[in-house]
**Student:** 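There's a structure below that I have some questions on.
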Amino acid sequence: MNNRQVGEIFDAMADMLDIQGAGYHRVRAYRRAAENVAALGQPLQEIWSRGELESIPGIGATLAAKIDELMRTGQLEAYQQLRAQIPEGVVAMLQITGIGPKTAARLWKELGLESIEALERAAEAGRVRDLSGLGPKTEQNILAGIDALKRRTGRTRMGDAWPLARDMLAALRETKGVRQAAPAGSLRRMRETIGDLDLLVASSDPESVMSRFRQLPQVEEVLLSGPTKTSIRTHQGFQVDLRVLEPARWGTALVYFTGSKAHNIRLRGLALDRGLSLSEYALKREDGSEILCGTEAEVYETLGLPFIPPELREDRGEVEAALAGSLPDLVKLRDLRGDLQFHTTRSDGHHTLLEMAESAQAYGLEYALVTDHSHGLGVTGGLTVSDLQEQQAEIAAVNRQLGGGFRLLAGVEVEVRGNGSLDLPDEALAGLDLVVAAVHSGLRQSRDQLTTRMVAAIENPHVDIIAHPTGRLIGEREPGDLELEAVFAAAAATGTALEVNAHPARLDLKDVHVRRAIEMGVGLVISSDAHAAGDFQLLEFGVATAQRGWAAAGDILNTRPLESLLDWADRGPAGHTQRHR
DNA sequence: GCCGTTTTCGGCCCGACTGTTTTCAGTCG
């Protein structure tokens with residue numbers, strides 16, 4: 001029973017309790033527990049075996065007992081009972097926009113509808129309007145919502161949502177009266193996937209902004225539109241919400257719409273402690289007078305807090321840290337001096353070594369490590385020992401050509417074979433500046449097998465960095481079944497670094513694992529995994545992921561100057577012996 | 001169901017929009 005499974009059970013229980021009409025706060029307690037379990041970054045099972053479940057925020061005696069039951073028996077009586085009482089299809093109705101727990105319960109109990117399909121037939125037949133309080137419009141909205149649900153492909157990757165947000169905001173900025181325009185919501189917090197896109201605009205002429213927004217070429221359908229809020233659906237079925245407000249209220253609005261919801265609730269609690277009420281419009285005193293905040297910093301300051309970066313706003317301890325003055329000094333994009341994974345046309349990259357080096361230099365990097373695939377990864381036509389030697393000569397030539405201020409480093413992304421050995425000989429690896437090792441095949445191995453294999457790679461004295469440790473592809477492929485605690489322990493013991501792969505499809509390690517790895521003393525690197533000259537910009541996503549994992553510059557090895565990085569890697573035998581003690 | 005320099009009970013964030021109502025419930029974020 002892993003963290004994800006427990007979280008899903010608590011979330012499902014929250015849905016079912018909600019339909020049953022359980023109290024709002026009880027339902028919220030289950031949802032909060034689900035979120036906090038998902039945010040742990042370490043196995044719930046280990047916390048359970050140490051008897052420390054109640055140390056998890058939002059887990060009290062009752063929920064701890066439920067987790068205990070799940071861990072011991074793999075079952076949960078209370079969950080089974082709920083499932084027996086409420087048809088699965090009724091719970092599924094909650095996914096339809098516009099249908100909440102109250103409506104779902106009534107459709108089920110009063111119309112006998114037990115699935116989305118049955119609901120669709122009833123709505124088409126005009127039977128839904130028979131319920132008091134539901135009319136023809138609601139019926140049409142339900143049908144539109146079912147249609148949207150069928151087309152919905154789940155959450156969108158951060159890397160796909162950003163271009164859409166940038167395009168729409170650029171268009172809105174051209175509208176008269178606009179002072180500020182920014183993304184908000186999970187996109188601004190740089191979550192790996194985005195549900196709906198939230199945009200925020202400050203303008204003296206809201207109606208012009210709304211009008212422009214409704215007419216953007218990306219818009220397929222206007223879902224709702226009022227003076228301050230408009231929601232649309234794009235042709236791809238992606239929902240975008242726009243809020244427009246007056247510039248003087250920008251700070252409170254940006255805090256509010258950036259969220260997370262859980263973070264906002266904490267801020268509101270702090271406001272109440274100070275006799276204030278916080279909304280998206282202002283902080284309000286008890287006498288009704290308003291404190292307007294034009295910046296986010298003013299909002300936090302009024303609450304007695306330092307500025308909390310959006311990437312931390314998940315109610316994962318950032319409010320406590322802010323109160324204690326112990327917020328981390330997060331790593332910034334500009335702290336990165338180099339990149340430690342990119343590819344060229346020698347394997348599966350699209351540009352030559354020189355083109356990639358020039359792009360890396362133009363991007364502002366001081367060094368970059370070439371890491372074409374080794375030959376074991378057949379699909380990419382990877383490097384043999386002699387290819388690697390040829391490339392080293394080429395690297396020297398490019399370094400001479402580019403001159404000072406930038407240094408290309410010799411490396412490889414060597415394949416970790418099924419048994420944990422590497423598919424290049426020691427002699428070939430010894431001549432490189434840094435060696436990156438990765439698993440690309442056999443990710444479906446058993447937990448024991450995969451973990452043993454990964455630990456073997458980590459303990460290999462030639463290996464400096466493990467690339468994309470879990471192998472996941474967001475929305476496409478589940479991570480390998482790894483015992484990450486063992487991987488982190490091995491990495492910390494040997495001084496082998498783990499990668500935070502910046503590609504938006506990977507983001508691997510992910511945020512909560514970054515945080516756990518740092519706690520365990522693991523050194524990290526942020527790498528672009530660039531396959532084309534423009535891909536160094538992806539580093540931004542890797543930095544954001546590290547920030548979400550509370551990483552400071554000191555936790556990230558490629559923030560170091562070249563000399564210091566090479567000292568760490570120390571290719572000499574003594575250095576390795578020392579580091580792999 | 002959680003939680004506590006308001007501590008074992010009584011709180012638990014705040015507001016917009018819609019559809020259906022004659023003043024508001026439900027949903028959403």
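Convention: sequence-line order gives letters A, B, ...; per-chain numbering from 1.
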**Student:** Nearest-nucleotide wise, let me know which of A/Ile59 and A/Thr230 is further upstream toward the 5' end of DNA chain B.
**Tutor:**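 Mapping each residue to its closest nucleotide by heavy atoms, the 5'-most match is A/Ile59.
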**Student:** Does A/Thr228 put a side-chain nitrogen or oxygen below 4.0 Å from OP1 or OP2 of B/dC17?
**Tutor:** yes
**Student:** For a quick check under 3.5 Å, do A/Asp535 and A/Ser528 share a side-chain donor-acceptor pair by atom type?
**Tutor:** no
**Student:** Do any side-chain nitrogens or oxygens of A/Ser277 fall under 4.0 Å of OP1 or OP2 in B/dC13?
**Tutor:**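 Indeed not, no polar side-chain atom of A/Ser277 lies that close.
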**Student:** Could you tell me how far B/dC13 sits from B/dC28 if I compare only their C1' atoms? Round to whole Å.
**Tutor:** 14 Å
**Student:** Please tell me which of the listed nucleotides, B/dT27, B/dG19, B/dC13, lies nearest to the side chain of A/Pro101?
**Tutor:**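 Nearest listed nucleotide: B/dT27.
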**Student:** Tell me which nucleotide among B/dC14, B/dG29, B/dC2 gets nearest to the side chain of A/Lys261.
**Tutor:**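 The nucleotide sitting nearest to the side chain is B/dG29.
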**Student:** Do A/Asp147 and A/Leu143 come within less than 4.5 Å of each other through their side chains, counting heavy atoms only?
**Tutor:** no
**Student:** If I take atom CZ in residue A/Arg243 and atom P in nucleotide B/dA16, what distance separates them, rounded to the nearest angstrom?
**Tutor:**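 Distance, rounded to whole Å: 8 Å.
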**Student:** Quick check for you: among B/dT27, B/dG15, B/dC2, whose closest atom lies nearest to any side-chain atom of A/Lys102?
**Tutor:** B/dT27
**Student:** List in numerical order all residues of residues 21-54 of chain A for which some heavy atom is under 4.0 Å away from an atom belonging to DNA chain B.
**Tutor:**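 Nucleic-acid contacts, sorted: A/Tyr24, A/His25, A/Arg26, A/Arg28, A/Ala29, A/Tyr30.
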**Student:** Does A/Arg313 qualify as a cation-pi partner of A/Tyr256, given the criterion of NZ or CZ under 6.0 Å from the six-membered ring centre and within 45 degrees of its axis?
**Tutor:** no
**Student:** Is the shortest side-chain heavy-atom distance between A/Met16 and A/Gln85 below 4.5 Å?
**Tutor:** no
**Student:** I'd like the C1' distance from B/dA25 over to B/dT20, given in whole Å.
**Tutor:** 9 Å
**Student:** Would a 4.5 Å heavy-atom cut-off, applied to side chains only, mark A/Arg189 and A/His263 as touching?
**Tutor:** no
**Student:** For atom C1', what is the distance between B/dT5 and B/dG1, given to the nearest Å?
**Tutor:**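 Per the computed distance, 24 Å lies between those C1' atoms.
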**Student:** State whether A/Ser231 places a side-chain N or O below 4.0 Å from either non-bridging phosphate oxygen (OP1 or OP2) of B/dC28.
**Tutor:** no
**Student:** Salt bridge (Lys or Arg N to Asp or Glu O under 4.0 Å): which pairs involve residues 88-108 of chain A, sequence neighbours left out?
**Tutor:**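 Sorted result for residues 88-108 of chain A: A/Arg106-A/Glu110.
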**Student:** In whole Å, measure the gap between the P atoms of B/dT7 and B/dC12 for me.
**Tutor:** 15 Å
**Student:** Whole angstroms only, please: what is the CZ-C1' distance between A/Phe10 and B/dC2?
**Tutor:**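 Roughly 13 Å, once rounded to whole Å.
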**Student:** If you measure from the P atom in B/dG15 to the same atom in B/dG10, how many Å do you get, rounded?
**Tutor:**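 26 Å, rounded to whole Å.
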**Student:** If you only use heavy atoms from C-beta on, which nucleotide in B/dA16, B/dC14, B/dT27 is closest to the side chain of A/Thr103?
**Tutor:**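 So the nucleotide nearest the side chain must be B/dT27.
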**Student:** How many whole angstroms separate atom CG of A/Leu270 from atom P of B/dT6?
**Tutor:** 13 Å
**Student:** Output the rounded distance in Å from CG (A/Asn264) to P (B/dC12).
**Tutor:** 17 Å
**Student:** If I take atom CD from residue A/Gln180 and atom CG from residue A/Leu172, how far apart are they, to the nearest 0.5 angstrom?
**Tutor:** 13.5 Å
**Student:** Send over the distance from A/Glu290 CD to B/dG15 C1', rounded to a whole Å.
**Tutor:** 13 Å
**Student:** Nearest of B/dT18, B/dC28, B/dG15 to any side-chain atom of A/Thr97?
**Tutor:**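 Minimum distance to the A/Thr97 side chain belongs to B/dC28.
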**Student:** From the set B/dT20, B/dC14, B/dC17, return the single nucleotide nearest to any side-chain atom of A/Leu272.
**Tutor:** B/dC14
**Student:** Check the distance between B/dG15's C1' and A/Leu278's CG and give it to me in whole angstrom.
**Tutor:**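 It works out to 12 Å between those atoms.
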**Student:** Say we look at B/dC3 and B/dT8: how far apart would their P atoms be, to the nearest angstrom?
**Tutor:** 16 Å
**Student:** Find the distance A/Asp198:CG to B/dC17:C1' and express it as a whole number of Å.
**Tutor:**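 Interatomic distance, CG of A/Asp198 to C1' of B/dC17: 15 Å.
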**Student:** Rounded off to whole Å, could you give me the CD1-to-C1' distance for the A/Ile67 and B/dG1 pair?
**Tutor:**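 After rounding, the gap between these two atoms is 12 Å.
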**Student:** Only pairs with both distances under 3.5 Å count, Watson-Crick or wobble alike; so what is the partner of B/dG15 in this structure?
**Tutor:**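 By the stated definition (distances under 3.5 Å), B/dC28 pairs with B/dG15.
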